[in-house]
Amino acid sequence: SDSQIAPAMFRMFYGNGHGAGPFSPSEHAAIQQLFDCRQHLVTDSSATDVKSEAGYTACTAFLASIDGAAQAMNVEVAPRGYRSTFSANYRALFPDGERHYRVDVLEASVDQQFDIWVNGEKFELSVEAIACAQALQRAWFDIVEVLDRWPTTGDCRPMRGEFIAKLATFDAAWAGFEQRYISELIAIEERARKLVVRAIDCEAKLPISEVPGRTAGDFPASAALEEEFLKFIATLNSIANYKRKGRDDLGVDILRSARAVLKKDKLDSTASSSRAAARVLAGDVVASYTAMRSYFRKVKNCIEHVDPHLCNNSGLVARLVDYEETWEIGARYVLDAPMLDAICDVVCQVREVERLAPELTTMIQDCDVELFMVLPRLVMLCFLAEPRAKRVELVRSLLPHRFGPTEQPTTEPALWKVDPELKGLYSSFKEAVKLLGADLLGRPEGSPQVAAWEELARQAVRGERNSAIPKAAQTAARDLLRSVETWSLELQRHCPEDWNQCSAVLVHCLTGGVQKESAAKFVV
């Protein structure tokens with residue numbers, strides 16, 4: 001009834017005492033402190049600056065002084081029961097019914113920019129929230145105006161009742177904006193996290209672990225779910241993976257190819273060290289997929305801690321970086337069977353060179369800088385040794401301009417049109433092998449051609465000539481390796497990104513696919 005409302009309004013505006021009375025010493029001290037803090041407020045075009053360090057610090061002190069003055073003058077706190085509906089994160093910021101004035105809430109009302117962008121999507125605050133923000137700003141400037149009259153004398157000096165009324169109005173306006181603004185932020189955050197929630201729900205429907213000999217892709221229902229789950233990952237990667245390209249085109253075909261490689265090698269008892277590289281790369285794809293699934297299973301229990309700006313979740317970003325890096329390699333080297341065979345072929349050849357020049361093993365283990373000068377030389381020498389072998393596909397992918405188109409689409413190396421300069425290099429290689437082979441004839445290592453290639457490989461690793469062979473053979477080997485060096489530079493420079501990825505893949509396979517260390521503690 002009106003008889004009950006009137007006393008409540010009176011208490012809100014005038015406290016438990018008489019608003020018209022004089023200031024008590026504690027009230028006077030609180031108002032004086034509030035006035036002093038007001039003097040330090042930073043303004044920018046008549047608006048209060050809350051963004052600079054000085055402005056933020058001044059606002060923090062001013063808000064604390066408003067709270068202190070309200071307490072000193074027994075101004076009743078506006079009801080804040082709505083905070084019980086806040087999410088856990090916001091309840092931690094506003095744990096009870098006290099005022100808890102925060103600069104970031106004030107800043108939201110000052111900016112008057114009510115378009116909020118989250119993960120590339122635009123959200124707008126309601127008309128009601130905008131009206132509450134404007135009411136808070138009016139209450140804020142009313143307090144500032146009253147304080148500006150504090151040093152004056154006579155009728156202009158504000159009385160106790162006016163201060164109580166302004167403080168109560170400000171608190172009520174603050175509570176009104178806080179309720180509307182935070183509630184709408186929570187709704188926006190829930191929508192921003194929805195992609196993660198949907199990924200969690202989809203992952204939960206997949207088999208917990210794959211049946212031996214069977215995969216999710218073997219069952220139509222699970223295959224469709226898995227494809228949907230991978231689309232969620234791709235979308236998340238495009239939104240949150242700011243450390244790499246944020247690709248969204250790495251699909252389920254990469255995972256299926258990786259599983260097929262592992263399944264084939266498991267069933268094929270003859271697949272030994274020659275297919276080790278294939279198992280490493282395919283295993284990486286499956287492992288990164290398993291890690292993504294594990295992340296969603298764990299984050300399910302702490303979804304409220306997921307930052308709605310998804311790129312701010314370091315654990316998620318780390319998993320996505322690994323996913324994109326691994327699946328990008330999978331798309332190039334696992335999904336493409338000829339490329340996978342080429343990598344396996346080159347890795348086997350480099351292993352053979354390790355036997356001939358043990359110092360190469362040390363370079364690989366230490367990831368020595370010299371290794372990245374030696375690797376492109378060896379790739380070119382391997383190609384020259386057998387230009388029609390599987391390894392040619394790797395060279396062709398790195399130097400596509402040196403291989404002309406064929407009349408009919410083909411994957412048969414013998415039918416490719418080769419650049420004349422590359423043919424010239426091959427002729428020089430054959431001539432050097434012929435000269436070296438003649439000198440090495442009769443040695444127990446094997447055929448002269450094999451012995452000659454081994455000699456060239458050793459020199460390519462060591463970067464020095466063999467003075468024990470005749471001068472003509474030395475000259476031929478030196479001239480050839482100089483030409484190979486030129487081509488190795490072209491291999492690296494034609495498309496640096498492709499070569500960097502290729503060299504990283506070769507080193508990864510040569511070191512046995514050493515897995516990246518997983519974090520001991522789960523991070524959102």
Side-chain angles (χ1 to χ4, degrees), residues 272-278 280 341-392 394-395 425-426 428-489 491-492 502-513:
S272 56
S273 58
S274 64
R275 295 285 295 175
V280 167
D341 290 340
I343 281 287
C344 289
D345 192 14
V346 170
V347 168
C348 287
Q349 290 300 307
V350 175
R351 288 285 188 210
E352 180 62 22
V353 177
E354 285 187 77
R355 181 184 65 80
L356 302 170
E359 54 265 54
L360 178 59
T361 301
T362 304
M363 290 182 196
I364 293 170
Q365 290 173 345
D366 297 343
C367 211
D368 194 290
V369 65
E370 191 175 355
L371 172 66
F372 298 97
M373 299 172 64
V374 170
L375 264 183
R377 295 176 198 157
L378 293 180
V379 170
M380 289 305 301
L381 279 176
C382 289
F383 162 70
L384 293 171
E386 289 189 60
R388 296 186 180 182
K390 295 175 180 177
R391 65 198 72 163
V392 67
L394 182 63
V395 177
L425 179 67
Y426 179 57
S428 299
F429 173 79
K430 288 194 295 182
E431 183 64 26
V433 167
K434 181 179 177 181
L435 288 170
L436 284 168
D439 176 66
L440 299 172
L441 185 63
R443 291 193 180 185
E445 289 89 344
S447 71
Q449 291 79 10
V450 171
W453 186 86
E454 291 178 349
E455 177 62 32
L456 289 169
R458 277 190 286 265
Q459 289 192 37
V461 172
R462 293 167 180 164
E464 57 185 27
R465 65 183 181 178
N466 184 353
S467 57
I469 59 178
K471 194 164 186 68
Q474 286 184 41
T475 301
R478 181 197 63 199
D479 292 345
L480 173 67
L481 289 175
R482 282 179 177 175
S483 297
V484 167
E485 188 68 20
T486 299
W487 281 86
S488 75
L489 291 173
L491 204 67
Q492 299 170 69
C502 176
S503 61
V505 166
L506 289 172
V507 172
H508 184 55
C509 293
L510 289 166
T511 53

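Of all heavy-atom pairs between Gly437 and Pro448, the closest is O-CB, 3.4 Å. In plain terms, the two heavy atoms of Ser274 and Cys344 that are nearest each other are O-CB, 3.4 Å. Scanning both residues, Leu435 and Ala476, for their nearest heavy atoms gives CD1-CB, 3.4 Å. The minimum heavy-atom distance linking Pro387 with Tyr426 is given by the pair CG-CE1, 3.8 Å. Across all their heavy atoms, Leu425 and Ser483 have their closest contact at CD1-CB, 3.7 Å.
The shortest distance between side-chain heavy atoms of Thr511 and Gln365 does not fall below 4.5 Å. At a threshold of 4.5 Å between non-hydrogen side-chain atoms, the residues Glu386 and Trp453 do not count as touching. Inter-residue side-chain proximity for Leu356 and Glu455 is flagged as unmet; no heavy-atom pair is nearer than 4.5 Å.
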**Prompt:** Between Leu506 and Val350, is a side-chain contact (heavy atoms from CB on, under 4.5 Å) present by the stated rule, with each step listed?
**Reply:** CA-CA 9 Å; Leu506 289 172; Val350 175; 5.9 Å; no
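Distance check, rounded to the nearest 0.5 Å: CG of Leu394 to SG of Cys502 gives 4.5 Å. If you take OG1 on Thr361 and CD on Glu354, they are separated by 3.5 Å, rounding to the nearest 0.5 Å. To the nearest 0.5 Å, the span separating CG on Leu456 from CG on Leu436 amounts to 5.5 Å. With values rounded to the nearest 0.5 angstrom, Leu360 atom CG is found 13.0 Å from Arg458 atom CZ. Taking CZ from Arg391 and CG from Leu384, the interatomic distance works out to 10.0 Å, rounded to the nearest 0.5 Å. Note that the NZ atom of Lys390 and the CD1 atom of Ile343 stand 13.5 Å from one another [nearest 0.5 Å].
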Distance-only check: which donor-acceptor pairs under 3.5 Å involve side-chain atoms of residues 366-383, not counting sequence neighbours?
residue	atom	partner	partner atom	Å
Asp368	OD1	Glu370	N	2.7
Arg377	NE	Met373	O	3.4
Arg377	NE	Glu485	OE1	2.6
Arg377	NH1	Ala460	O	2.7

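Residues that satisfy the side-chain hydrogen bond (donor to acceptor under 3.5 Å, both in side chains) test with Gln449, not counting sequence neighbours, are absent from this structure.
Of the charged side-chain nitrogens involved, at least one lies within less than 4.0 Å of a carboxylate oxygen, so that Asp341 and Arg275 count as a salt-bridged pair. Of the charged side-chain nitrogens involved, none lies within less than 4.0 Å of a carboxylate oxygen, so that Lys434 and Glu431 do not count as a salt-bridged pair.
Listed for the Gln474 side chain is a donor-acceptor partner under 3.5 Å among the backbone atoms of Ile469.
Legend: salt bridge (charged side-chain N to carboxylate O under 4.0 Å, His left out) pairs involving residues 466-484, not counting sequence neighbours: none detected.
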